Structure formats: C-alpha cells, structure tokens
*Asks:* 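Before we start, here is the structure in question, set down as structure tokens.
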Amino acid sequence: MLDIKSIREQPDSVRRRLATRGAGDEAKIDKLLKLDEILRQWNAEIQKLNAQLNKTSKEIGALMTQKRTTEAEEKKAEARQIGDKIAKLQSEKKALEGGKEGDTISDLFRRSILLELPNLPHETVPEGKDAQDNRLVRTWGEKSTFSFKPKPHIDLCESLKLVDFARGAKLSGSGFLLFTGWGARLERALIQFLLDLHITHHGYTEVSPPFIVGRHCMEGVGQFPKFVDQSYAVRQGVRDFDYDFDEPDEEDQDEAEAIGVLKAQDFLVPTAEAPVVNIHREEILKESQLPIRYVAYSPCFRAEAGAAGVGTRGMIRVHQFDKVELIKIVKPEHSYDELEKMVADAERVLQSLGLHYRVVLLCTGDMGFASAKTYDIEVWAPGQGSYLEVSSCSNCEDFQARRMNLRFKTEAGENRFPHILNGSGTALARLFVALVETFQQTDGSISIPAALQPYLKADRITA
RNA sequence: GGAAGGGUGGCUGAGUGGUUGAAGGCACCUGACUCGAAAUCAGGCGUAGGAGCAAUCCUACCGUGGGUUCAAAUCCCACCCCUUCCGCCA
C-alpha cells in the first residue's frame with residue numbers, strides 16, 4: 001500500500017512512477033485524491049460535532065449528579081440535535097460514496113483504491129513494457145554441451161519413471177504432478193538440500209507455516225484484491241454439498257455459494273510468502289529484532305487462470321509445485337543491500353548444483369504488484385533450449401508492511417515501517433527440470449551433483 | 001460440532017452507564033538522594049488521525065461489527081478468538 005501522505009504531497013511524481021508500470025493505475029490518483037479530500041472534510045466536520053456532543057454529555061452528567069434534572073433535560077434536547085446532525089452527515093457520507101450498509105468511507109476508500117495500487121518502482125529499475133525490456137545483469141557457468149541431442153525432461157521423466165504425468169492428471173486434472181520412485185525422492189532431497197543450505201550457510205531461521213491462509217494474509221502481501229482469480233479458495237466443513245455440478249444452470253451462483261466458494265475466507269497458499277510475511281502482522285517490533293530472516297518450505301498452489309494451453313505440458317507450469325522461500329524483514333536503510341545478498345543466496349543454490357543460469361533485472365512493466373525492484377534468476381534447461389525462471393527476489397520496501405500494519409520502534413521511540421523482501425530459494429519443479437536435463441547421460445541416466453548426493457543417497461538415477 | 005468460562009494498555013489486574021484513555025502493581029524512562037549502585041521519594045510512560053511556529057488542544061480506539069442512550073469498557077444482538085470439558089479424528 002502506498003502512503004496516502006506522499007501521494008497527497010507529490011501526486012505528479014507518484015503518477016509518473018505508476019505510469020512506468022504500464023497498467024494505467026496512474027489514472028486512479030485523481031479519484032483517490034478527490035476521495036481523500038472529501039474524507040478529510042467530513043472527518044473534520046464530524047470531529048467538531050463530536051467534540052460538542054462530548055462536552056454537552058459531560059455537562060449533563062454533572063447536572064445529573066447535582067440532581068438539576070430540569071436543566072439536564074434541556075441539555076439533552078440540545079445534545080439530541082447535535083446527534084441528529086452527526087447522523088445526517090454520516091449517512092450523507094455513505095450515500096456520497098454509494099457505500100453499502102456498514103461501510104465507513106475510510107473502509108471503502110482504503111479498499112477500493114489504495115489496495116489496488118501497485119508499488120512504485122525503485123529509481124534503479126529500467127523502464128520498459130514487458131520481459132523484452134528486462135536487463136541482463138550477469139550469467140554464471142555455461143550451457144552444457146552434449147555429444148547427443150539432449151532430451152526434454154518429459155521424456156526423461158517418463159523413461160526413468162520419475163513423474164507419472166498421466167496419472168497425476170487422472171487424480172487432479174492437468175497441471176498436477178504425481179512424482180514416483182526416484183522422482184519423489186529427488187524432489188524431497190532437493191527440498192531438504194535447499195533448506196539446509198539457507199539455514200546453515202546464509203543465516204535464515206526455518207519456519208514451517210500453515211498452507212492455508214485467511215484473506216487478510218493474502219491482502220497483506222498484495223496478492224489480493226487483484227489476483228483473487230489466481231487463487232484456490234477452500235472452505236472447511238462444507239454442508240449440503242450439491243453433487244450435480246456437471247449440469248451448470250442458472251443456479252450456478254447459488255451452488256457456488258452453497259459450497260462456500262464465493263464467501264471463502266481461506267485460501268491455499270500461492271507461495272510461502274503469504275503466511276511467512278504475515279507472521280508479524282500488526283506487531284511493533286523492536287529495532288534490535290531486525291533484520292529477521294526466515295526460510296520456509298511450502299507447496300504452492302496457483303490456479304493459473306487464463307494460462308491454459310500455455311506450456312501446459314510437463315512440469316514447467318503447474319497448479320501445484322514445491323518451493324523454498326526466503327523472507328527478510330529489515331530496516332529501510334539496509335533493504336537494497338539485503339536484496340543483493342538475497343539474490344546471492346538464491347544463486348548459491350544453482351552454483352552448488354553446477355547449473356548454468358542468468359540473473360535478470362526486471363523492468364517496470366514486468367514487475368510484480370508489490371515489488372519495487374525484482375531480480376529473476378533463470379536456469380538453463382538444455383532439453384527445453386531455454387532459460388526457466390526458478391527464483392524471483394523482490395524488495396517490496398514498506399508496501400506490504402503498510403498493508404499489514406507491521407512496524408518497528410526505533411531507538412528514538414519512533415514507529416516506522418520496515419522493508420520486506422521475498423525471494424525464491426528456489427522453486428522446485430523447474431529446478432528439477434533443469435537438473436535432469438542438464439545432467440542427463442548418453443545412456444539416459446541422470447548423474448547427481450556432489451552437493452545433492454548425501455541427500456538423495458545416490459550418485460546416479462538409472463532406469 | 002456440543003457445554004462452560006474468558007478476551008481491558010509492554011505484562012499483570014480493577015472497573016455501580018456520566019471528568020475512565022482507563023485505578024493498583026510490575027517493567028521501563030527522567031529527576032532527587034548517593035562517591036557510585038541498591039532501596040526510597042517525585043514525575044513521566046499506548047496507538048492512529050486532525051488543528052497549531054510552539055506549549056498545547058480536538059477526535060477515535062478496552063476482541064470485531066452493529067444497536068440502545070444526551071452519554072457505553074460497562075446494557076442488547078451477531079460474529080471472531082482463547083481456555084477447559086465432551087464428541088470426532090491424523
């Protein structure tokens with residue numbers, strides 16, 4: 001969430017920076033400022049009346065204790081008039097906004113616009129429209145060479161029986177993976193390897209969060225309200241479940257409500273960032289507690305609505321994948337140093353495994369909603385003949401902290417919003433792909449990098 | 001899911017509908033005493049928004065949201081959470 005004060009003070013600068021994202025959000029600023037203006041007027045007026053009312057009420061109290069009831073009654077009539085005025089102003093305020101019953105203007109105000117505005121890009125972020133304009137920062141290693149034509153992971157997974165794509169789809173639909181045998185073991189070994197690496201070498205504290213979070217958490221990290229359609233909603237204890245779902249009719253809406261989808265307050269995590277960043281929501285941390293560094297494994301659930309048909313084969317775009325996530329909560333003045341370190345931490349994963357990769361600085365148009373600056377790490381997958389994004393490290397500055405009202409108290413006693421960073425360290429599925437494709441042998445087996453061997457308890461996967 | 005109890009400031013713990021933003025205690029900060037410290041004494045000590053150069057003043061907040069009232073931490077309704085017991089269950 002952006003700071004309404006700075007929008008008020010420098011609307012042009014905010015507009016300009018939002019415009020670089022290319023989503024047209026800068027157009028909302030005028031409406032926002034107008035609302036802000038109105039809100040402040042109403043509040044000032046209502047506040048004044050409240051002061052009058054409070055004063056009168058106290059006078060009535062004093063009169064009552066002195067048993068001067070006649071005078072008290074007169075005052076009451078006076079107070080009632082003030083009360084009427086306040087009620088009138090409040091209902092006008094609601095009407096003005098077309099607000100629903102129970103909404104205050106500030107709720108609406110906050111929800112409707114501020115929550116929808118993305119973060120402002122940092123000055124060092126290149127302006128651009130899409131991935132084409134991202135800037136290559138560095139590469140590590142080289143594309144591996146083969147004496148044969150490297151196979152895509154799908155073929156390798158099938159011949160080595162690492163993943164049963166058909167049965168995964170049978171269970172849960174396309175985009176869900178059934179790991180089998182060495183595939184399952186490799187997946188598990190990778191998770192363990194990643195966690196250990198970050199815990200023992202990079203100073204992160206492991207947390208293991210719930211995989212279902214409330215909507216407030218999704219809102220806190222900036223996932224909602226914009227990406228509601230990308231999430232999986234869940235609801236416990238569904239009653240009166242209607243099984244006749246294959247016959248959509250005009251009652252679809254009712255049916256959806258019956259199973260609780262429309263009213264869902266709980267969601268499968270799209271990333272461990274959702275629960276972990278929210279760990280300290282609504283807290284005031286001590287300055288001495290910072291920086292906080294967490295590492296967490298979680299499965300990630302993504303509806304990928306609208307992406308049907310795009311790279312749906314194989315493991316590159318799936319509805320559920322594993323990920324080890326890095327989270328940092330730091331003092332504002334350190335956040336960009338911490339971002340560089342976080343990228344290095346994620347890079348170390350690929351270096352230890354001997355995988356060729358490149359680091360890309362995302363341009364303004366390609367960055368995520370909450371981020372002020374993002375580096376992507378893309379690993380080389382020879383069977384695909386392309387780079388796959390396995391990590392995205394972002395500094396969200398105070399954007400998320402504002403949304404979840406997370407602050408820290410400085411030595412001087414001032415409350416400030418910390419900066420929050422998140423980065424994949426790294427996403428599995430795609431790492432799995434790069435690994436099997438990179439280390440495939442002439443005989444169709446996969447050799448395992450030394451760093452991973454203790455975890456897999458094998459140096460080679462064969463059919 | 002059923003029953004009972006409970007949610008008040010950093011913690012603890014009071015609070016007959018009317019100077020209660022909230023007693024008391026602990027912790028913390030400042031000052032006095034002391035060579036210094038402890039003990040003791042005096043004072044201070046929540047968050048957010050608004051007005052003002054400033055001292056300061058105003059408003060909101062006692063789980064959340066409604067309601068009753070001139071006035072709500074206090075009364076009413078709904079919901080959430082916690083604890084204990086029961087049921088169910090990995």
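Note on naming: letters A, B, ... go to the chains in the order of the sequence lines (proteins, then strands), and numbering restarts at 1 for each one. All of these numbers come straight from a predicted model, not from anything done at the bench.
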*Asks:* Measuring only the P atom in each nucleotide, how far is B:U12 from B:G21? A whole number of Å is fine.
*Replies:* 23 Å
*Asks:* Rounded to the nearest Å, what distance is computed from the NZ atom of residue A:Lys58 to the P atom of nucleotide B:G17?
*Replies:* 19 Å
*Asks:* Do the side chain of A:Arg302 and the main chain of A:Pro270 share a donor and acceptor less than 3.5 angstrom apart?
*Replies:*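 Present.
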*Asks:* Tell me which nucleotide among B:U47, B:U59, B:C70 gets nearest to the side chain of A:Ile60.
*Replies:*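 Per side-chain heavy atoms of A:Ile60, the pick is B:C70.
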*Asks:* Rounded to whole Å, please give me the gap between CG in A:Asn43 and P in B:U59.
*Replies:* 14 Å
*Asks:* Under 3.5 Å for both donor-acceptor distances, Watson-Crick or wobble: does B:U68 have a partner, and if so which one?
*Replies:*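 Matched B:U68 with nothing under the 3.5 Å cut-off.
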*Asks:* So, A:Phe399 versus A:His419, ring centres under 6.0 angstrom or not?
*Replies:* no
*Asks:* Could you check how far CG of A:Asn54 sits from P of B:A22, rounded to whole Å?
*Replies:* 14 Å
*Asks:* Regarding A:Asn395 and A:Ser335, do their side chains bring together a donor and an acceptor under 3.5 Å, going by distance alone?
*Replies:*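 Checked: A:Asn395/A:Ser335 side chains pair up, N/O donor to acceptor below 3.5 Å.
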*Asks:* The side chain of A:Asn415 lies closest to which of these nucleotides: B:G49, B:G18, B:U47?
*Replies:* B:U47
*Asks:* Taking the side chain as C-beta and beyond, is there a heavy-atom pair between A:Glu325 and A:Ser298 under 4.5 Å?
*Replies:*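 A side-chain contact is absent here, since even the closest heavy-atom pair is not under 4.5 Å.
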*Asks:* Dump the intermediate steps for ring pair (Phe, Tyr, Trp, His ring centres under 6.0 Å) on A:Phe408 and A:Phe417, then the final yes or no.
*Replies:* CA-CA 6 Å; A:Phe408 72 97; A:Phe417 292 106; 9.3 Å; no
*Asks:* Between A:Glu73 (CD) and B:A71 (C1'), how many Å, whole number?
*Replies:* 13 Å
*Asks:* Going by purine N1 to pyrimidine N3 plus the second Watson-Crick contact, or the G-U wobble pair, all under 3.5 Å, which nucleotide sits opposite B:C41?
*Replies:*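 Base partner found: B:G31.
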*Asks:* Send over the distance from A:Asn50 CG to B:C58 P, rounded to a whole Å.
*Replies:*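 It is 13 Å, rounded to the nearest whole Å.
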*Asks:* Could you tell me how far B:C29 sits from B:A54 if I compare only their P atoms? Round to whole Å.
*Replies:*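 After rounding to an integer number of Å, I get 29 Å for this pair.
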*Asks:* Name the nucleic acid region contacted by A:Arg8, choosing base, sugar-phosphate or nothing; use a 4.0 angstrom heavy-atom cut-off, strictly under.
*Replies:*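 If one applies the 4.0 Å heavy-atom cut-off, A:Arg8 turns out to touch the sugar-phosphate alone, with no base involved.
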*Asks:* How many whole angstroms separate atom CG of A:Leu406 from atom P of B:U47?
*Replies:* 16 Å
*Asks:* Considering only the C1' atoms, how many Å lie between B:G65 and B:C11, rounded to the nearest integer?
*Replies:*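 It comes out at 28 Å once rounded to the nearest Å.
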*Asks:* Checking base pairs now: Watson-Crick or wobble, both atom distances under 3.5 Å. What partners B:A60?
*Replies:*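 Checking every strand shown, B:A60 finds its partner in B:U47, with both distances under 3.5 Å.
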*Asks:* Any strand counts, and the cut-off is 3.5 Å on both contacts for Watson-Crick or G-U wobble. Which nucleotide pairs with B:A22?
*Replies:*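 Check on B:A22: unpaired, no WC or wobble geometry under 3.5 Å.
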*Asks:* Classify the side-chain pair A:Glu340/A:Tyr375 by whether it contains a donor and acceptor separated by less than 3.5 Å.
*Replies:*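 A pair is found: one side chain offers a donor N or O, the other an acceptor, under 3.5 Å apart.
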*Asks:* For B:G24 and B:C45, measure between their P atoms and round to the nearest Å.
*Replies:* 13 Å
*Asks:* Of all the nucleotides listed (B:G50, B:U47, B:C58), which has the minimum atom distance to the side chain of A:Ala51?
*Replies:*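 Output: B:C58.
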*Asks:* Can you tell me, in whole Å, how much space there is between the C1' of B:G6 and that of B:C57?
*Replies:*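 Straight-line distance between the two C1' atoms is 38 Å.
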*Asks:* Taking the P atom in each of B:A73 and B:C61, what is the distance between them to the nearest angstrom?
*Replies:*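 Comparing P positions in B:A73 and B:C61 gives a spacing of 7 Å.
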*Asks:* Pick base, sugar-phosphate or nothing for A:Leu53, based on heavy-atom distances below 4.0 Å to the nucleic acid.
*Replies:*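 Answer is sugar-phosphate: A:Leu53 comes under 4.0 Å of backbone atoms only.
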*Asks:* Which part of the nucleic acid, if any, lies within contact of A:Lys409, taking any heavy atom under 4.0 Å across all strands shown: a base, the sugar-phosphate backbone alone, or nothing?
*Replies:*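 A:Lys409: backbone/sugar contact only, no base atoms under 4.0 Å.
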*Asks:* Given B:A71, B:G49, B:A48, which nucleotide is nearest the side-chain atoms of A:Gln47?
*Replies:* B:G49
*Asks:* Now, which nucleotide makes the Watson-Crick or G-U wobble pair with B:G5, with each of the two distances under 3.5 Å?
*Replies:* B:C82
*Asks:* Separation of A:Ile86 atom CD1 from B:U69 atom P, in whole Å?
*Replies:*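 Spelled out: CD1 on A:Ile86 to P on B:U69 is 15 Å.
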*Asks:* Could you tell me which nucleotide pairs with B:G52 by Watson-Crick or G-U wobble geometry, both distances under 3.5 Å, or answer none if nothing does?
*Replies:* none
*Asks:* Going by purine N1 to pyrimidine N3 plus the second Watson-Crick contact, or the G-U wobble pair, all under 3.5 Å, which nucleotide sits opposite B:G17?
*Replies:*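 None - no nucleotide pairs with B:G17, as no candidate has both distances under 3.5 Å.
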*Asks:* Whether A:Glu45 and A:Lys48 form a salt bridge (side-chain N of Lys/Arg under 4.0 Å from carboxylate O of Asp/Glu) is what I want to check.
*Replies:*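 No.
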*Asks:* Any strand counts, and the cut-off is 3.5 Å on both contacts for Watson-Crick or G-U wobble. Which nucleotide pairs with B:A90?
*Replies:*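 Here B:A90 is not engaged in any pair, so there is no nucleotide opposite it.
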*Asks:* In whole Å, I'd like the distance from the NZ atom of A:Lys48 to the P atom of B:G49.
*Replies:*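 Distance, rounded to whole Å: 21 Å.
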*Asks:* Within the pair A:Arg407 and B:A48, is there a side-chain N or O less than 4.0 Å away from OP1 or OP2?
*Replies:* yes
*Asks:* Nearest to the side chain of A:Lys76, which nucleotide is it out of B:C70, B:A60, B:G21?
*Replies:* B:C70
